[in-house]
Protein chains: 2
Amino acid sequence: MIELSDTNASAIAERFKALGEPMRLLLLEALRRGECSVGELAERTGGGQANVSKHLQVLLQQGYVDRRKEGTTSWYRITDPQVFKMCELVCGGLEEDLDRRRKLLRSRK
Amino acid sequence: MIELSDTNASAIAERFKALGEPMRLLLLEALRRGECSVGELAERTGGGQANVSKHLQVLLQQGYVDRRKEGTTSWYRITDPQVFKMCELVCGGLEEDLDRRRKLLRSRK
DNA sequence: AGTAAATACAACTAGGTAGTAATATAAGAA
DNA sequence: TTCTTATATTACTACCTAGTTGTATTTACT
């Protein structure tokens, strides 16, 4: 296992940061069903073409998605479904956090 | 399980974003051994007091750490060790990504 | 009271980044 | 070739945030 040392912290942070953007999470979710073109992704997420393309570059560079070119079309797909495990973990944390906040509110009444 | 819909994407992204900063990862790593004060954390991570304090607020607000006050000292601790599961997942992805890049380099020779 | 220590907060700066509009590039079709 | 389609890139704006400095707040000690 990689240690969370100074040198690695930046690289790891970069990977987390790539997921720290709503649009990129929506893109990953849209890609969950399978390979998808930029245009389709823009339509599904409601984002602009340029913006979607730029976000896909980030996900590509961080290795979350792969790309396959066919004519003028770029087909993107999830590289490793493990991403969704992370999303589930963070979702679990979210729910626990909400519970915690609810309890705090109750105890303050 | 929470769905990755438009409404949730922002909340989830916020949680990822909180981990997308080297200093905050270093703080979590430092807290791994156990409860720690702000001063100790600043010393261990080499960060300034104000900066460390500010990063801890982010981790606190996102529920990654808890705080306990004692005199003028604030003691911080990990709320849920699941965070490190996420770090391991992202580390695994990092290694796979490096492998992928190495293969690409070799195949391009 | 006065002083020191620990933390939080406010103000500021510099660098980063999301979103958009316009343009560039590339591949087909007419 | 010219037009159209799909994607990537550039330039720009507006906003956000990490880090720093200085200060306020709180507690403990003499």
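Numbered from 1 within each chain, the chains take letters A, B, ... in sequence-line order.
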Going only through I, L, V, M, F, W and Y residues with side-chain contacts under 4.5 Å, is there a path from A:W75 to A:V52?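 Each belongs to a different hydrophobic cluster.
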Is there a path of hydrophobic side-chain contacts, each under 4.5 Å between heavy atoms of I, L, V, M, F, W or Y residues, that connects B:V58 with B:Y76?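 Hydrophobic grouping puts B:V58 apart from B:Y76.
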Which letter, B, S or -, goes with each nucleotide of nucleotides 14-30 of chain C from 5' to 3', with contact meaning a protein heavy atom under 4.0 Å? ---SBBBB----BBS--
Go through DNA chain D in 5' to 3' direction and return only the first and the last nucleotide with some atom under 4.0 Å of chain B's heavy atoms.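 That gives a stretch of D:dA18 to D:dT27.
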Could you pull out every donor-acceptor pair under 3.5 Å between side chains of residues 11-26 of chain A and any protein atom, sequence neighbours left out?
residue	atom	partner	partner atom	Å
A:R15	NE	B:V90	O	3.4
A:R15	NH1	A:Q62	O	2.4
A:R24	NE	A:A18	O	2.6
A:R24	NH1	A:H55	ND1	3.0
A:R24	NH2	A:K17	O	3.4

Does the pair B:R32/B:E29 count as a salt bridge with the N-to-O cut at 4.0 Å?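 Between B:E29 and B:R32 there is a salt bridge, with a charged N closer than 4.0 Å to a carboxylate O.
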For B:Q61, give me all partners under side-chain hydrogen bond (donor to acceptor under 3.5 Å, both in side chains), at least two apart in sequence or on another chain.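 By the side-chain hydrogen bond (donor to acceptor under 3.5 Å, both in side chains) rule, B:Q61 matches no residue at all.
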Residues forming a side-chain hydrogen bond (donor to acceptor under 3.5 Å, both in side chains) with B:Q82, sequence neighbours excluded: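 By the side-chain hydrogen bond (donor to acceptor under 3.5 Å, both in side chains) rule, B:Q82 matches no residue at all.
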Which residue pairs pass the salt bridge (Lys or Arg N to Asp or Glu O under 4.0 Å) test when at least one of the two sits in residues 35-44 of chain A, sequence neighbours left out?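 As it turns out, the salt bridge (Lys or Arg N to Asp or Glu O under 4.0 Å) pairs with a partner in residues 35-44 of chain A, which skip direct neighbours, are A:E35-A:R68, A:E35-A:R77.
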